[in-house]
Student: 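One structure coming up, written as structure tokens, with questions to follow.
Quick note on labels: first sequence line is chain A, next is B, and so on, each numbered from 1. All values below come from the heavy atoms of this structure, side chains included, with hydrogens, waters and symmetry mates left out.
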There are 2 protein chains.
Amino acid sequence: MTIQQIRYFLVLAKELHFWNTAEKVFISQSSLSRQIQALEDELQIQLFERDKRNVKLTNAGKFLQEQWIEKINEFDQIIRQAKKIDDGKAGTISITYPGSITYDFLPKFLEVLNNNIPELKLELTEPTDENHEKLLLSFETDIAFSRDKIKNANIDSLKLYSEPICLVVPKNHRFLKNNIAEIENEKFIISGLHQTTFFASLLRTWFSKNRIEPKIIIESDFGGMILNLVSKGLGISILPLSFKSALIENIEFIELEETIDLYINWRQNELNNAIKKVIELAEGIRER
Amino acid sequence: MTIQQIRYFLVLAKELHFWNTAEKVFISQSSLSRQIQALEDELQIQLFERDKRNVKLTNAGKFLQEQWIEKINEFDQIIRQAKKIDDGKAGTISITYPGSITYDFLPKFLEVLNNNIPELKLELTEPTDENHEKLLLSFETDIAFSRDKIKNANIDSLKLYSEPICLVVPKNHRFLKNNIAEIENEKFIISGLHQTTFFASLLRTWFSKNRIEPKIIIESDFGGMILNLVSKGLGISILPLSFKSALIENIEFIELEETIDLYINWRQNELNNAIKKVIELAEGIRER
DNA sequence: TCAACTAATGCAAAAACAGCATTACTGATG
DNA sequence: CATCAGTAATGCTGTTTTTGCATTAGTTGA
């Protein structure tokens with residue numbers, strides 16, 4: 001059984017037409033017909049019901065289509081990862097991170113990487129869903145920065161630092177002079193509280209602990225946007241202190257009691273030396 | 001790339017010896033050598049470092065060995081499952097169940113199955129670890145009976161019935177005449193409370209709710225054994241009412257307030273008609 | 001220096017595969 | 001009812017790939 005045969009099968013299962021499929025996979029109709037027959041023979045499973053005119057998946061065929069699509073993707077991903085390991089330092093490594101470290105920690109970290117492994121190529125992504133666990137284990141990413149600790153037997157985690165979260169207000173806001181009072185009357189520009197991200201849940205907890213039902217006028221998950229709107233006087237927000245490094249005009253940060261952590265996460269028993277080196281450097285930063 | 005090549009690779013990765021490997025996989029050494037070369041060529045990844053005398057896995061090779069062992073197993077399991085679907089009613093379906101339904105529900109259910117689908121072949125297992133979720137999704141089982149509801153988007157669950165849990169005591173035990181008092185002085189024969197099974201956690205809750213620290217003299221997860229020891233007067237136990245159907249001599253059941261449920265669980269969108277029919281029959285039983 | 005080991009390779013036979021042309025059957029059309 | 005277009009399977013032939021044998025070439029230890 002060939003991986004290629006499985007790919008042919010998957011295209012045919014979608015097209016349900018030998019000629020079209022043959023064209024798509026760049027072989028002749030007769031060859032395709034025989035490849036599929038060979039596959040059916042080897043598996044001893046009928047995949048398609050076909051008469052001289054129609055092609056239809058059997059139940060077993062439908063099942064294999066579902067399952068194989070997934071497995072073949074995983075398969076390809078594994079090979080891509082193996083290539084990275086084979087390339088060694090020349091390979092590209094993927095890093096995912098929460099937007100809140102864009103202005104402060106991340107640039108510093110990238111500078112350290114560049115000084116120590118100048119030949120390293122990086123791919124940076126800010127994941128929309130925050131399932132770091134899955135992203136790491138399926139090799140879609142190599143290093144994941146996260147705000148909460150990942151608890152998984154196959155993932156190692158290390159806390160890098162804690163920082164306060166802050167009220168973010170325009171310059172000259174009354175909060176800066178008086179005590180923080182009647183916060184409930186303020187308009188908030190804030191990430192959607194229904195989100196499942198760790199920061200959203202921290203915000204929910206903070207609001208409920210302080211018995212505040214915030215008046216949210218704009219929801220945005222993009223910190224840069226929030227800062228900008230606050231600086232224009234459209235409302236106030238709550239963000240980790242790191243955002244101060246964005247150096248936006250007309251903004252002040254008021255530290256709150258609450259703190260938030262930053263973790264670095266990676267696959268246990270990583271074999272890729274470049275990734276191992278990056279982790280070491282992160283550990284080094286923490287020790288300082 | 002052939003599945004077969006990957007299998008060759010996996011054997012060689014373990015043996016690290018071309019001749020031995022060739023013998024094990026029933027091809028000649030030269031053929032094996034060329035198959036591995038072809039694999040390396042196609043992947044563009046060096047899998048082994050070899051001189052004229054030694055064979056050693058590269059890092060990328062180690063990685064692929066780890067990953068492929070797993071994927072190939074999943075692959076085989078998928079094909080086995082597809083075969084079952086292809087066989088239709090003639091196939092064997094796998095059922096896992098908690099020991100507590102051995103004497104009451106399960107025999108009745110098997111009778112219903114036998115009356116309705118006499119040609120069905122069954123494989124029954126009492127899983128030691130209770131990870132029904134994984135067993136179902138990896139196709140190691142087809143139908144899982146469980147005491148707690150499985151919450152997983154890819155698994156469907158149905159509650160079949162509730163039953164009380166009972167104190168199980170020898171005949172003529174004082175509890176049968178008086179109120180249940182000074183239970184703390186009784187010796188318990190019971191499943192290990194540290195277990196992660198749903199029943200163990202239910203027991204823990206019950207004991208703590210009633211502020212009892214049970215004196216456990218024998219731990220056993222096997223209901224039949226527990227019944228036997230209770231009947232011999234060695235202690236008392238707590239079990240679901242179902243065990244009454246075991247019809248052991250010299251035993252009485254005292255119903256408690258607490259109840260426990262039985263669920264049947266299966267993969268959503270099951271394609272195997274035999275499995276679908278079994279689920280239907282289970283639903284039918286419930287409606288009665 | 002020699003013998004034992006072991007992975008790679010040249011070679012010829014065998015097997016598998018590819019594509020062309022054709023067959024065989026189905027449905028639709030007039 | 002005859003004809004035609006559509007479609008999957010198959011016979012055939014040339015090409016490519018794979019196989020195993022025998023041999024080579026490098027390594028290790030005596």
Side-chain angles (χ1 to χ4, degrees), chain A residues 1-65 68 72 79 82 86, chain B residues 1-62 64-65 68 72 75 79 82 86:
Chain A
M1 188 169 27
T2 306
I3 304 289
Q4 195 55 243
Q5 285 176 331
I6 295 177
R7 292 187 204 280
Y8 291 158
F9 163 78
L10 288 175
V11 178
L12 181 58
K14 211 165 91 191
E15 297 283 327
L16 295 177
H17 194 290
F18 276 75
W19 286 21
N20 296 351
T21 302
E23 207 159 279
K24 281 212 171 165
V25 299
F26 306 110
I27 55 170
S28 69
Q29 175 267 324
S30 69
S31 191
L32 176 64
S33 174
R34 273 191 269 246
Q35 289 285 352
I36 297 294
Q37 282 170 34
L39 188 59
E40 288 182 319
D41 269 14
E42 188 175 349
L43 293 173
Q44 295 280 336
I45 297 173
Q46 200 182 346
L47 301 173
F48 297 96
E49 272 165 34
R50 37 210 196 274
D51 50 38
K52 299 276 149 170
R53 204 152 179 91
N54 293 298
V55 182
K56 220 182 96 195
L57 275 169
T58 60
N59 267 348
K62 267 185 223 157
F63 172 78
L64 285 175
Q65 182 191 23
W68 274 347
I72 288 283
I79 290 170
D86 191 53
Chain B
M1 188 169 28
T2 307
I3 303 289
Q4 195 54 243
Q5 284 176 331
I6 295 176
R7 292 188 204 280
Y8 292 159
F9 163 77
L10 288 175
V11 178
L12 180 58
K14 211 165 91 190
E15 298 282 328
L16 296 177
H17 193 290
F18 276 76
W19 284 22
N20 295 351
T21 303
E23 207 158 281
K24 280 210 172 165
V25 300
F26 306 109
I27 55 171
S28 68
Q29 175 266 324
S30 71
S31 191
L32 176 65
S33 173
R34 274 189 272 243
Q35 290 285 352
I36 297 293
Q37 281 169 35
L39 188 60
E40 288 181 319
D41 269 16
E42 187 174 350
L43 293 173
Q44 294 281 336
I45 297 174
Q46 199 183 345
L47 301 173
F48 297 96
E49 273 166 33
R50 36 212 196 275
D51 50 40
K52 298 275 147 170
R53 201 149 181 96
N54 293 299
V55 182
K56 222 183 95 194
L57 275 168
T58 59
N59 266 349
K62 267 185 223 158
L64 284 174
Q65 181 190 24
W68 274 348
I72 287 285
F75 222 86
I79 290 171
D86 191 54

Student: What nucleotide among D/dA8, D/dG20, D/dA9 has an atom nearest to a side-chain atom of A/H17?
Tutor: D/dA8

Student: Does this structure show an ion pair linking B/R50 with B/E40, if we count only N-O contacts that are shorter than 4.0 Å?
Tutor: yes

Student: Any idea which of D/dT28, C/dC11, D/dT7 is nearest the B/N54 side chain?
Tutor: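 It is D/dT28.
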
Student: Should B/S33 be listed as having a side-chain N or O under 4.0 Å from OP1 or OP2 of C/dA8?
Tutor: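 For C/dA8, OP1 or OP2 has a side-chain N or O of B/S33 closer than 4.0 Å.
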
Student: Taking only the side-chain nitrogens and oxygens of A/Q35, find out if one of them lies under 4.0 Å from OP1 or OP2 of C/dA16.
Tutor: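 No, outside the criterion.
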
Student: Distance criterion of 3.5 Å, no angle test: do you see the side chain of A/R50 paired donor-to-acceptor with the base of D/dG6?
Tutor: no

Student: Does the side chain of A/S30 get closer than 4.0 angstrom to OP1 or OP2 of C/dG19 through an N or O atom?
Tutor: no

Student: Which nucleotide in the set D/dG20, D/dT7, C/dA8 lies at the smallest distance from any side-chain heavy atom of B/R34?
Tutor: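 So the nucleotide nearest the side chain must be D/dG20.
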
Student: Could you check A/A38 against B/V55 and say which one's nearest nucleotide on DNA chain C is further toward the 5' end?
Tutor: B/V55

Student: Is the centre of the A/F18 ring less than 6.0 Å from the centre of the A/Y8 ring?
Tutor: no

Student: Which residue pairs satisfy the side chain to side chain donor-acceptor pair (under 3.5 Å) criterion with at least one member in residues 10-23 of chain B, sequence neighbours excluded?
Tutor: B/E15-B/K24

Student: Any side-chain N or O of A/Q37 less than 4.0 Å from the OP1 or OP2 oxygen of D/dT10?
Tutor: yes

